[in-house]
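I have placed the structure first, in the form of structure tokens, so that the comments after it can refer back to it.
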2 protein chains.
Amino acid sequence: MKPPAAPTRNYHHGDLKNTLLATASQLIAERGAEAVSLREISQAAGVSHTAAYRHYADKQAVWADLAEAGFRELAEINRTRVAKTKGGPVEQLGACGRAYVEFGVRRPHLLQLMFGGSIVDWQSYPSLVQASAALAETLAGVVKAGQESGELRAGELGDLTLTAWSLVHGLALLIVGRRIPGVTIDEGFVRHAAERSVQLLIEGLRRPPTRRAKRN
Amino acid sequence: MKPPAAPTRNYHHGDLKNTLLATASQLIAERGAEAVSLREISQAAGVSHTAAYRHYADKQAVWADLAEAGFRELAEINRTRVAKTKGGPVEQLGACGRAYVEFGVRRPHLLQLMFGGSIVDWQSYPSLVQASAALAETLAGVVKAGQESGELRAGELGDLTLTAWSLVHGLALLIVGRRIPGVTIDEGFVRHAAERSVQLLIEGLRRPPTRRAKRN
DNA sequence: ACCTGAACACCGTTCAAGT
DNA sequence: ACCTGAACACCGTTCAAGT
């Protein structure tokens with residue numbers, strides 16, 4: 001019932017919404033959300049500085065859309081890594097941790113946008129909330145599988161998941177924020193920090209029983 | 001050798017720098033740094049909108065000063081709690097975790113300012129970097145004491161500290177950012193989440209040996 | 001339906017000038 | 001030394017108007 005001709009493009013631009021999103025994504029990747037204006041994005045997209053208001057209520061809505069895409073991408077990466085990981089839930093959790101941290105290092109400004117408080121009224125964007133929750137559920141799935149297979153301890157799934165999430169989340173933010181004194185952040189450090197942290201979380205900080213002391 | 005009279009106050013205001021800082025602190029606590037302008041701070045402090053430039057190079061410098069105070073305060077809280085805690089390093093780590101999370105919940109906007117990326121050129125503020133590092137050292141001290149007393153496992157101090165720091169940091173940010181789906185954030189939740197997370201970190205996520213199964 | 005351009009009420013920052 | 005006021009180059013957002 002739609003008119004056959006007249007492809008999606010119309011008056012001036014065609015697919016302005018996606019063009020805006022891609023432009024914004026690139027500018028933010030370069031300089032961070034704090035340093036990017038809506039007028040600038042519009043100009044880079046080749047439209048007047050008010051055109052975006054046809055597609056977004058305001059600047060926050062653009063940020064929310066970008067953050068949502070970030071959450072979906074990060075969750076997808078996690079799922080892929082989990083699926084690819086040989087070994088049990090312990091190894092899978094390690095893979096998630098690495099993926100989370102590597103994502104942050106690869107796209108620091110996007111991670112800041114997702115978690116840094118640039119988006120004030122989170123509740124106004126239900127699909128953003130949902131995408132963020134989906135990320136947590138990826139981790140929850142791994143923990144749950146580990147409990148069912150008996151490799152991870154019993155207890156409230158939410159508690160264990162929150163703990164694992166907090167660890168990888170905090171690690172990624174500390175690294176991306178360059179808040180760790182005295183270290184150079186390169187691929188080697190990221191891999192080591194992620195693996196060691198997840199290992200310590202899984203095995204515990206407490207001194208292991210001596211009967212089976214592993215060399216460290 | 002200083003002139004005895006003429007108390008610090010002079011021309012118009014006296015102690016404008018501290019007045020600005022206190023005003024900014026309050027406005028940020030109410031609405032978050034993103035929503036506060038320098039002109040507004042100046043007006044609330046009762047001076048013209050350019051007076052701040054006599055004391056700060058720019059807006060970022062004001063933010064940096066506030067964040068630095070936040071780091072010093074949080075580190076101080078941690079030290080106090082550690083000193084007050086009866087029991088070993090395990091209990092002390094738990095106290096640090098709670099303190100960190102409670103600080104974030106009490107001053108969410110300040111935590112966002114300290115860690116949320118509002119301050120772009122971190123390196124320009126060496127005393128801020130130092131204050132942030134001092135916070136990490138508080139945690140390192142606890143971990144080190146635990147290793148020396150034999151209660152915590154051996155291994156690189158930096159690794160164990162980073163892991164513990166990441167956990168409490170991530171937990172605080174997830175809670176403050178209200179990123180945890182399906183929970184109400186009240187004092188009970190905060191206490192439970194902090195204690196349970198630190199406990200899991202210390203004991204590990206792996207299924208405990210059955211010979212001495214603790215009731216959970 | 002989609003976009004433009006003028007307009008409004010703001011910003012951060014600079015600078016000559018006042019006391 | 002410390003502060004003011006005008007000025008500059010920006011913002012985000014609204015709205016009447018164009019096609």
Side-chain angles (χ1 to χ4, degrees), chain A residues 1-24 27-28 31-66 113 117-121 124-125, chain B residues 1-24 27-28 31-66 113 117-121 124-125:
Chain A
M1 280 304 176
K2 290 175 193 166
T8 331
R9 71 171 43 234
N10 36 28
Y11 180 62
H12 201 128
H13 209 100
D15 193 14
L16 181 55
K17 185 163 180 172
N18 281 321
T19 305
L20 285 170
L21 224 48
T23 309
L27 287 173
I28 284 178
R31 286 181 279 135
E34 326 265 318
V36 177
S37 74
L38 210 45
R39 290 171 103 108
E40 189 181 6
I41 295 169
S42 303
Q43 195 188 17
V47 290
S48 86
H49 63 270
T50 59
Y53 289 90
R54 210 45 49 184
H55 300 278
Y56 289 102
D58 50 25
K59 197 185 184 186
Q60 286 276 297
V62 180
W63 280 191
D65 218 355
L66 284 170
L113 179 63
S118 302
I119 298 166
V120 177
D121 189 13
S124 301
Y125 309 99
Chain B
M1 282 302 175
K2 291 174 191 166
T8 333
R9 72 171 42 234
N10 36 29
Y11 180 62
H12 199 129
H13 209 100
D15 193 14
L16 181 54
K17 183 163 180 171
N18 281 320
T19 305
L20 285 171
L21 223 48
T23 310
L27 287 174
I28 284 178
R31 288 181 278 134
E34 327 264 320
V36 176
S37 73
L38 210 45
R39 290 170 103 109
E40 189 182 6
I41 295 169
S42 303
Q43 196 188 16
V47 291
S48 86
H49 63 270
T50 59
Y53 289 90
R54 209 46 49 183
H55 301 278
Y56 290 102
D58 50 26
K59 197 186 185 187
Q60 286 276 296
V62 180
W63 280 191
D65 219 354
L66 285 170
L113 179 62
S118 302
I119 299 166
V120 177
D121 189 13
S124 302
Y125 309 99

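Chain A is the first sequence line, chain B the second, and so forth, proteins listed ahead of strands; every chain is numbered from 1.
Rounded to whole Å, the distance from CG on A:Leu16 to P on C:dA1 is 17 Å. When the P atom of C:dT19 is taken as reference, atom CZ of B:Arg54 falls 16 Å away, rounded to whole Å. The separation between A:Asp15 atom CG and C:dC2 atom P is 11 Å, rounded to whole Å. One atom, CH2 of A:Trp63, and another, P of D:dT13, lie 10 Å apart when rounded to the nearest Å. Rounded to whole Å, the distance from NZ on B:Lys17 to P on D:dA1 is 17 Å. If you take CG of B:Asn18 and P of D:dC2, they are 13 Å apart, rounded to a whole angstrom.
Scanning all heavy atoms of the two residues, the minimum distance from A:Ala45 to A:Leu20 falls at CB-CD2, 4.0 Å. For the residue pair B:Ala44 and B:Leu27, the shortest heavy atom distance occurs at CB-CD1, 4.5 Å. The two residues B:Trp63 and B:Val36 come nearest to each other via the heavy atoms CZ2-O, 3.9 Å. The shortest non-hydrogen separation linking B:Ser42 to B:Ala52 is OG-CB, 4.3 Å.
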Polar pairs (N or O, both sides) under 3.5 Å between protein and nucleotides 10-12 of chain C?
residue, atom, partner, partner atom, Å
C:dC11, OP1, B:Ser37, OG, 3.4
C:dG12, OP1, B:Leu38, N, 2.9
C:dG12, OP1, B:Lys59, NZ, 3.0
C:dG12, OP2, B:Leu38, N, 3.2
C:dG12, OP2, B:Arg39, N, 3.3
C:dG12, N7, B:Arg39, NH1, 2.5
C:dG12, O6, B:Arg39, NH1, 2.9

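Panel note: side chain B:Asp58, backbone B:Ala61; a donor-acceptor pair is recorded below 3.5 Å. Formation of a donor-acceptor pair under 3.5 Å by the A:Gln60 side chain with backbone atoms of A:Ser118 is found in this model.
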Toss me the dot-bracket line for DNA chain C: Watson-Crick and G-U wobble, both under 3.5 Å, 5' to 3', using | for pairs to another strand and [ ] for crossers.
||.|||||...|||||.||
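Taken to the nearest 0.5 Å, the CD atom of B:Glu34 stands 5.0 Å off from the CD atom of A:Glu34. Distance OG1/B:Thr19 to NE2/B:His55: 9.0 Å, rounded to 0.5 Å.
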